[in-house]
Amino acid sequence: MPNSILKVENLKKSFQVAGGLFQKSQHVNAVIDVSFEIEEGTTFSLVGESGCGKSTTGRLITRLIAPTSGSIVVDGKEIATAKQSELKHLRQTVQMIFQDPYASLNPRMKVKELVGEPLEIHTKLSKDEREKLVLEMLEVVGLNAEHADRYAHEFSGGQRQRLGIARALITKPKLIIADEPVSALDVSIQSQILNLLKQLQQEFKISYLFISHDLSVVEHISHYIGVMYLGTIVEIGRKETIFNNPKHPYTQALIASVPIADPTLRKKKKVLIGDIPNPKNPPSGCTFHTRCPFASDICKQAIPQMRKINEEQSVACHFVN
Amino acid sequence: MTSPTTVQNSQVQKKQRKYSPLKEFWKSFKKQKAALLASIFIGLLIVVAIIGPYIAPYDPFEPDYDALLEGPSASHLAGTDEYGRDIFSRLIVGAKISLMVSFSAVFLGLILGTILGLISGYFGGWIDKVIMRSCDVLFSFPDLLLAIAIVALLGPGINNVIIAVMIFSVPSFARLVRGATLNAKENVYVEAAQSMGASHVRVLWKHIFPETISELIIFVTMRIGTAILAASGLSFLGLGASPEMPEWGVMLSSGRDYLGTSSHVVIMPGIAIFLTVLAFNLIGDGLRDVLDPKIKNN
Amino acid sequence: MTEHVLRVSDLETSFMRDKTEIKILRGVNFSIRKGEILGLVGESGSGKSLTSLSIMQLFHGTTGKIVKGSIYFNGEDLTKMSESEIRKIRGKQMAMIFQEPMTSLNPVLKIGKQLMEAIEMHLKLPKSESKHHAIQMLKSVGIGRAEEIIHEYPHQLSGGMRQRVMIAMAMACHPNLLIADEPTTALDVTIQAQILELMKKLKEENETAILLITHDLGVVAEMCDKVVVMYAGQVVEEADVFELFASPKHPYTKGLIASVPKIGDKKEVLDSINGHVPSPQNMPKGCKFAPRCNQVMSICQEESPPTVEISATRQCSCWLYAKKDVEVNA
Amino acid sequence: MWKYTARRIVEMIPILIVISILTFLFIHLIPGDPARLVAGKDATIEDVENVRHELGLDKPILKQYVDYMKNLMTGELGTSLTTGLPVIDMFKTRFMPSLHLTFLSMLWATLIGLMIGVFSAINKNKWPDYFGMVTAVSGISIPGFWLGLLLIQLFSVQLGLFPTGGLDGFSSYILPSLTLGAGIMSMIARFTRSSMLETLQADFIRTGRAKGLKEHSVIVTHALRNSLISVVTVAGLQFGFLLGGSVVVETVFSFPGMGRLLIDSIAFRDYPVIQSALLLFAFEFILVNLIVDVLYTVLNPKIQLDS
């Protein structure tokens, strides 16, 4: 494998849910066991439904929260156990783009302060030097210099997401974690942003960890995909393989559930029954067994291990060889 | 409901005047007629408090035994008290005491409470518990009773009133700021700043504290009203300003005995307290309508 | 030809802001037949949700007001009715479900009470019967433990379950028309599939007409018979669903369909529409889409395009299709 | 609910202990020598030592606290320095009138406050709303002692409808209760209004209307019930305002209650009475907040389940 920018192994995070004086505090395993690797210059997507732990994984990698156990190697450095004070380098190498372009930009700051904030934190550049870089960056993301003195709320959703991207790019990071970056946008704007992200990847050789619930978007932007369900990756591999030949019953159902914007492809769907279980109280064995059409006794008892079934695909299911 | 403001046209934007938060604030505050009027009243009152001794028509301490308990007239706008002192002059000079006491007590409470609240809300954990439990203890003495207890302890006097009112303000400020901090912490841009590597001080100062300001401004305004009520209440009970001072509560208290015969000695200082507190509350209401994002959206 | 359940013609709705009237809907036309699913598609700010609120006349607590046009429901004009007459139709002949199942149910009342409220009022059933009816309704939307659920509170249910409850509530009086405003947008994709299947099933069983409001072209393609595309408070195109996706006419519809990433599509760069939706206060003169349109002509910036009937089932508001003696310099 | 109540009671214990320490320390926190203060300026050293012994101030401080707590548990609150009576006996005659007064005030203030708030909210920006809100903002701005004096002047002196003060039957409660409740009524009215306005914006209100419910059932069944939850909490917190206000109102009306007793004792430096009165007020306030918390869980199904 070429240079890997991020390698995550057996990542685990359990949150304590506050208990009162007489209540035992509960543990919720938001991320149970997650391992994957991202090559330089590629996009790896984590896809899954609510409560699957994809966003928590993203926040663990930026060390906004500390993992319970496991290893996170960013650009050759182990950061899972690093102290906050030792993370300065990480904060420059890894940047984030957030879902809600309305909420992720401080409404009280002007664009030049917003986009220039990472420089203010990480460099000793003068105000003028920072501003020069900000203007350059605005150009790169398709905005222009006269926007620099405005406040975030004067922009439309798409423009705001461009600001978010400019802010993430300004420290020249190697990895950008994009947490549902287009799901709050209208489709016609969404495609603008997706195109921009792709173009920037080619221009700056950035890697993306792309977190999304939207399979169509994920298929468009990724090179590799990990499908998550209740805190674990159930299937991982090259995008084409996963979409053309999904092996895990959950991946299959997930792909089949996506409505396709073509009425000629309408078909009676195999709809997954039941609800997504509450992560506070996950099912035993394979967590998917409560909804799986193929579940048998072994699925209720044993947790399936991740197995490599070919060069491009690994699956965690008792029935896939 | 459809909100018609979510999207803006950049082409049209260019033509508009440059956006400035202060101008925007003034534009909406102008529409709050009651609050505007109240602000003018308070502005005048502050001026009066400063230049009071120079404009008062009579010496507020000089008895005039020829004019005891006279009703309002052209020569004595608000009448005279039981020593024949001009009530209007006393009210003018008293404004300084009331404003000084309430401003300094609230200001001290604000500083202390804000620091405690920010620390408590931002860091959480044991430090939050310690601060909040201490506030709970103070809270379990009802406002005015706490002040009474403190004055009972320290002895009567205007400085002790300031201390008392300050102490009972601290937990309210701390709780308010803590709540606002917890809300502000939820903002994704705070997480964004943390992910950029911003230090705690930077996050607190640049991203969280500004969020609490509008709530603080509203609360401070209202709190000044409460402080005036509490301070004059303490004076009324004989626990505040000394009896010869032209403090509004004291004037009211000493006028009590003449209520049946010369009610103006009670009515006049009461009106002064009432109008001042009302003005602060109206300003607070106006500010809330303008600044509170929850109301803004309606 | 079956009769129209709903016919909206020339509907204009506006809000007041700072004493000025802001028109949001500027002439909306469409109709729905019995048992038909009509998709109302558009991006945020297109006025699609406001169209639904106008039909239901749910303007309470807002400054919204219908200023022009008519809404014929079962042949009667709703805009001419009094509030109390409309109240008898709302929830009985015409029901609605909303985008946010998490907040659309009252958190302090039990599910049963919330269901029975409408049943008791519209169907005039006694308490025991209406409870029975409520349980039946919950079962019909696929809630197995209906008897228990009526004693539970909304927060005890998942998002998908709550949306089922909302549907049961809406269908309780067997309405002729169900308005569904982004009913699955807040739900996970596997749950969305369940809810969409359920809506189809209920439509078949009850012959209810459905007005499905959504921004998701995938949902439209899977569910609808007919599609109305809205932009900036106007209908820009109306067509049969197969026709629309096979050959969109309006440049906006074309752009919209092309900008959706589709699974299996090998396109490297997605098409997109430049710019963004204009705000109601700053509507361009002429065609509202002109500033973003890639086929814009000079007339588009001057005059609003007429609605052109392209075939019996298709209409489009665009100068490209207007036979007018105006010089068209494309 | 019982489990929750039990939990809240246990959680109260540390606070109660801290409060008892604070009130115990009260006498020690007085600047200067408390014994000398009590004994008076002209007292001889011997007198001062006698007072010191009487107050138990000559013992080690820890021992003093233990004794204090022991006495508290048995209801032994010491002896008044001015009357020479056991403090507990003085409280016995004073406590009930105060309790009646505060609860009567709370009752009418809550009812009227709720009514004004709801009425204002459903008539937002119309004249009933303006009228209600002008009343309410005046109510929170008016000094209680002044309002009391005005009411005496009008109803007792001029019209002779009620007694000017003291305690002689139910009519003695009316003016003090009006004075005491005015502020809290206004606060409840204001809060109810804003809470109702917020609730009326909620999605489930729209659902209710979409069901075709009549406007009054939308307001009563759906909006008011939800608003009540937060109004209850606020009302509970404001109870402290009422207790503080009672000191002032009792002074104005010469009402023989706890508040008046406290002020008189402060004037006479009757420390044992001050100490115990403060403790009693704090205890009362904590108890009311406990009741409010429990009521809150009754009204709010979500809390019920989580606890």
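These numbers come from the heavy atoms of this one structure, side chains and all, not from hydrogens, waters or symmetry mates. These numbers come from a predicted model, not from an experiment. Lettering of chains follows the sequences in order, A, B, ..., and the numbering in each one begins at 1.
When atom types are taken as modelled, the side chain of C/E222 and the backbone of A/R266 share no donor-acceptor pair closer than 3.5 angstrom.
Contacts between residues 179-192 of chain A and chain C, defined by a heavy-atom separation under 4.5 Å, are made by A/D186, A/V187, A/S188, A/I189, A/Q190, A/S191, A/Q192.
With a threshold of 4.5 angstrom between heavy atoms, A/I221 does not approach chain C through any atom at all. C/K200 does not touch chain A: none of its heavy atoms, backbone or side chain, sits under 4.5 Å away. For chain C, the nearby part of A/L194 is the side chain; its heavy atoms alone come within less than 4.5 Å. The contact between C/V220 and chain A is made entirely by backbone atoms, counting heavy-atom distances below 4.5 Å. When heavy atoms are compared at a cutoff of 4.5 Å, C/E197 approaches chain A solely by way of its side chain, counted from C-beta outward.
Options A/G158, A/G274, A/P259, A/S257 differ in how many heavy-atom pairs under 4.5 Å they form with chain C, and the most are formed by A/P259. Between chain A and the options C/V189, C/I257, C/L244, heavy-atom pairs under 4.5 Å are most frequent for C/V189. With chain A as the partner, the residue from C/G142, C/G275, C/S272 showing the most heavy-atom pairs under 4.5 Å is C/S272.
For A/E49, the side-chain hydrogen bond (donor to acceptor under 3.5 Å, both in side chains) partners are A/Y250, C/T190, not counting sequence neighbours. Taking the ring-ring contact (aromatic ring centres under 6.0 Å, His included) definition, one finds that A/H220 meets it with nothing, sequence neighbours left out. Taking the salt bridge (charged side-chain N to carboxylate O under 4.0 Å, His left out) definition, one finds that A/K198 meets it with C/E268, sequence neighbours left out.
Taking both residues in full, the closest heavy atoms of C/P261 and A/S216 are given as O-CB, 3.2 Å, listed atom of the first, atom of the second, then distance. Of all the heavy atoms in A/P263 and C/F242, the pair that sits closest is O-CE2, 3.5 Å. Here the closest heavy-atom approach between residue C/Q194 and residue A/V271 is recorded as CG-CG1, 3.2 Å.
Between atom CD1 of residue A/I276 and atom OG of residue C/S158 there is a gap of 8.5 Å, rounded to the nearest 0.5 Å. For the atom pair A/D275 CG and C/L157 CG, the distance stands at 9.0 Å (nearest 0.5 Å). To the nearest 0.5 angstrom, C/D271 atom CG is 8.5 Å from A/N195 atom CG.
Within a 6.0 Å sphere centred on NZ of C/K267, heavy atoms belonging to other residues, nucleotides or ligands number more than 12.
A side chain to side chain contact (heavy atoms under 4.5 Å, CB included) with C/I263 is found for exactly one of A/I260, A/V218, A/V258, namely A/V258.
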